[in-house]
Amino acid sequence: MPITGMEQLHTEAKEHGYDFIDTLVDEWANGANRFNAPGEILCGHLEEGLLVAVGGLTIDPFTTESHTGRIRRVYVRSAWRNKGIGRALVSALIEEARKNFRCVRLRAENASAARLYERMGFTPIDNPDATHTLSFEDHDPRR
């Protein structure tokens, strides 16, 4: 990956059982997902030149609705959690999603992530492909 520090973030995620960063790295390497389709973006948060968080936005591959985006592969290194970095990263992804999609979905990996997403306006859903959704028609951007 062309991001300095991705190796350390990847190693930590793997040690903590988060395999979705393996998918991010593998799909970037083989070209399956480079977050470069219209409306897509891969973001990171650097602190003193060190990559401490990553997350992306894609067209949701689990639906045929082209107006649905998906926030994916969000990970914040453990020493930087509970400092607002994850919220800032997801907020940036939501703002990007607003430009191209009517709604965005995601899969929360744990209860802590689910609580963050729900505080940011996401609604839990019963769907095999996503745990939460956010519609931009009824979302209050001041949350």
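All heavy atoms count here, side chains included; hydrogens, waters and symmetry mates do not. Along the sequence shown, residues carry numbers from 1.
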Exercise for the section: Would you check if Leu50 and Arg77 make a side-chain contact, meaning some heavy-atom pair closer than 4.5 Å? Expected result: yes
Handout entry: Within 6.0 angstrom of Arg102 CZ, more than 12 heavy atoms from elsewhere
Key = no
Handout entry: Heavy-atom side-chain contact between Thr131 and Tyr117 under 4.5 Å
Key = no
Handout entry: Asn82 atom CG: more than 12 heavy-atom contacts under 6.0 Å
Key = no
Exercise for the section: Take Arg70 and Ile59 through the side chain to side chain contact (heavy atoms under 4.5 Å, CB included) test and state the conclusion after the steps. Expected result: CA-CA 6 Å; Arg70 187 171 191 96; Ile59 297 165; over 6 Å; no
Handout entry: Same apolar cluster (I L V M F W Y, side chains within < 4.5 Å links), Leu9/Tyr18
Key = yes
Practice task
In sequence, state the C-alpha distance, the side-chain angles, and the governing distance for Phe136 and Phe101, and then conclude on ring pair (Phe, Tyr, Trp, His ring centres under 6.0 Å).
Solution key: CA-CA 8 Å; Phe136 298 129; Phe101 303 108; 8.2 Å; no
Problem - Heavy-atom check, side chain of Arg87 versus side chain of Leu116, under 4.5 Å - result: yes
Practice task
Taking the side chain as every heavy atom from C-beta outward, state whether Ile21 and Leu24 have any atom pair closer than 4.5 Å.
Solution key: yes
Practice task
Give a yes or no answer on whether the side chain of Glu118 reaches the backbone of Arg115 with a donor-acceptor pair at less than 3.5 Å.
Solution key: no
Practice task
Flag the pair Asp22 and Lys14 as a salt bridge only when some basic side-chain nitrogen lies within less than 4.0 angstrom of an acidic carboxylate oxygen.
Solution key: yes
Practice task
For the pair Arg107 (side chain) and Pro128 (backbone), establish whether a donor and an acceptor sit closer than 3.5 Å, ignoring hydrogens and angles.
Solution key: yes
